Amino acid sequence: YRQLSRQQPNDQSLFLQQLVLENRLGLLSRAELRQRLQRALQPLPTDPRQRQVLAGILVELDPPEPELLPAYQSLIAAGVNEPFLYFRVAQIALQRNDLVTARRALENYRATPAGAQDPQAALFLLADVERLSGNLEASARAYQTIINSPISDRNILNAALRGLLGIRLTQERADDALAVYDRLIALNPQDPNLELGRASLAFQTRRISQSQAEAILTRWLQQNPTTSPPPEVFSLAGALPPDPKREALYNQLLRVDPNNIPVQLRLIQVIAKRNPQEARERLSQLIARYPKNISAYFIQGQIAQD
């Protein structure tokens with residue numbers, strides 16, 4: 001490509017293919033790629049063949065560059081036959097929270113033969129559009145459509161199930177969320193974090209006992225390092241009642257994420273048993289930083305009462 005670009009300096013498609021390949025090989029940073037692409041695309045070529053080649057190159061950029069949106073739109077307006085341009089426009093619009101443009105671009109993509117043959121990619125984006133629009137049930141239906149379709153790629157099924165799980169958790173539909181957890185655990189028996197997440201939800205909604213939840217947390221801690229704990233550890237440790245035996249765990253978790261309020265509150269409750277004054281001071285600082293956190297006031301009252 002470099003040799004051809006030197007021999008044919010006016011062929012933008014050769015130069016762009018060189019840039020994309022250099023980026024793939026790690027020879028260019030994303031920022032350098034963006035700057036060079038913007039220069040190369042000003043103006044877009046008038047030759048239909050070069051436009052078609054350019055469109056094929058630009059759709060390969062994943063994720064697409066938001067700054068190149070005018071180029072994508074100009075190629076579409078010029079009638080270039082590359083349906084995936086619509087998909088890239090929808091991705092960029094979604095990044096910009098322009099949900100109207102994202103929805104329109106997705107509809108255009110799904111209306112093409114290529115879009116009809118690739119329904120899952122569009123459904124994933126549609127699920128995001130619906131979620132950000134506040135249409136949680138519509139988002140769930142998009143994920144459910146993917147899950148119910150014939151899927152040969154296990155990663156796609158995993159992604160759809162995790163997306164559906166996020167929706168059901170947001171909706172506070174515990175039974176539905178637990179059912180999705182069960183499917184994910186069956187699909188990924190080697191992932192211990194899923195069992196933690198399920199245990200946290202099941203304990204908070206009184207589907208399992210405290211001793212069962214503690215046993216699951218203990219087993220995870222025995223088998224996994226806490227240097228980079230997943231969110232599920234924070235969730236379960238913060239949901240369980242305070243326990244002096246977990247003080248070291250609380251401190252370790254807060255070193256990773258000092259702003260995790262549930263874990264901070266559990267640590268303060270443990271400290272209150274041996275040093276109420278220190279606990280009160282810590283709690284006052286926490287309330288000053290997060291005055292709208294209701295749980296902190298309940299614990300403040302509990303410590304005062306004790």
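For clarity, every value in this text was computed on a predicted model and none was experimentally measured.
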Please check if atom [atom1] in [X] has more than 12 non-hydrogen atoms from other residues, nucleotides or ligands closer than 6.0 Å.
X: Tyr290; atom1: OH; value: yes
X: Arg2; atom1: CZ; value: no
X: Tyr1; atom1: OH; value: no
X: Arg274; atom1: CZ; value: yes

Donor-acceptor pair, side chain of [X] and main chain of [Y], under 3.5 angstrom:
X: Arg49; Y: Asp47; answer: no
X: Arg280; Y: Ala304; answer: no
X: Thr112; Y: Tyr109; answer: yes
X: Asn275; Y: Ile271; answer: no
X: Arg96; Y: Pro66; answer: yes
X: Ser235; Y: Pro231; answer: no
X: Gln264; Y: Pro258; answer: yes
X: Arg110; Y: Pro119; answer: no
X: Asp118; Y: Ala114; answer: no

Quick check: closest heavy atoms across [X] and [Y], and the distance to 0.1 Å?
X: Ile146; Y: Ile151; result: O-CD1, 2.9 Å
X: Asn259; Y: Arg289; result: OD1-NH2, 2.7 Å
X: Thr226; Y: Gln252; result: O-NE2, 3.1 Å
X: Leu165; Y: Ala177; result: CD1-O, 3.6 Å
X: Ala213; Y: Leu236; result: O-CD2, 3.8 Å
X: Leu217; Y: Ala237; result: CD2-CA, 4.4 Å

Give the cluster check for [X] versus [Y]: same hydrophobic cluster or not, with ILVMFWY residues linked at side-chain heavy-atom distances below 4.5 Å.
X: Leu25; Y: Leu33; answer: no
X: Leu221; Y: Leu194; answer: no
X: Leu106; Y: Leu69; answer: yes
X: Phe298; Y: Ile268; answer: no
X: Phe84; Y: Leu75; answer: yes

Cut-off 3.5 Å, side chains only: do Gln277 and Glu281 have a donor facing an acceptor?
-> yes
Query raised in the report: Does a side chain donor of either Thr218 or Gln222 reach within less than 3.5 Å of an acceptor in the other side chain?
Result: no
Indicate yes or no: does [X] engage [Y] in a salt bridge with an N to O separation below 4.0 Å.
X: Arg88; Y: Glu82; result: no
X: Arg282; Y: Glu278; result: yes
X: Glu137; Y: Arg168; result: yes
X: Glu247; Y: Arg266; result: no
X: Arg162; Y: Asp191; result: yes
X: Arg141; Y: Glu130; result: no
X: Asp98; Y: Arg104; result: no

Which distance, rounded to the nearest 0.5 Å, do you find between the [atom1] of [X] and the [atom2] of [Y]?
X: Leu164; Y: Leu169; atom1: CG; atom2: CG; result: 9.5 Å
X: Tyr143; Y: Leu126; atom1: OH; atom2: CG; result: 9.5 Å
X: Ile185; Y: Asn193; atom1: CD1; atom2: CG; result: 10.5 Å
X: Leu54; Y: Leu85; atom1: CG; atom2: CG; result: 10.5 Å

Hey, does [Y] have a side-chain heavy atom less than 4.5 Å from the side chain of [X]?
X: Arg154; Y: Asn188; value: yes
X: Glu32; Y: Asn23; value: no
X: Leu61; Y: Leu68; value: yes
X: Val53; Y: Gln17; value: yes
X: Arg103; Y: Ser133; value: yes
X: Pro262; Y: Phe234; value: no
X: Ile147; Y: Arg183; value: yes
X: Leu249; Y: Asp243; value: no

Verify side-chain hydrogen bond (donor to acceptor under 3.5 Å, both in side chains) between Glu214 and Gln210, making sure each step is shown before the conclusion.
-> CA-CA 6 Å; Glu214 287 178 331; Gln210 178 180 329; 3.1 Å; yes
**Message:** Run Asn260 and Leu253 through side chain to side chain contact (heavy atoms under 4.5 Å, CB included) and show every step you take.
**Reply:** CA-CA 8 Å; Asn260 189 284; Leu253 294 178; over 6 Å; no
Residues pairing under side-chain hydrogen bond (donor to acceptor under 3.5 Å, both in side chains) where one sits in residues 293-306, two or more places apart or in two chains, turn out to be Gln269-Gln302
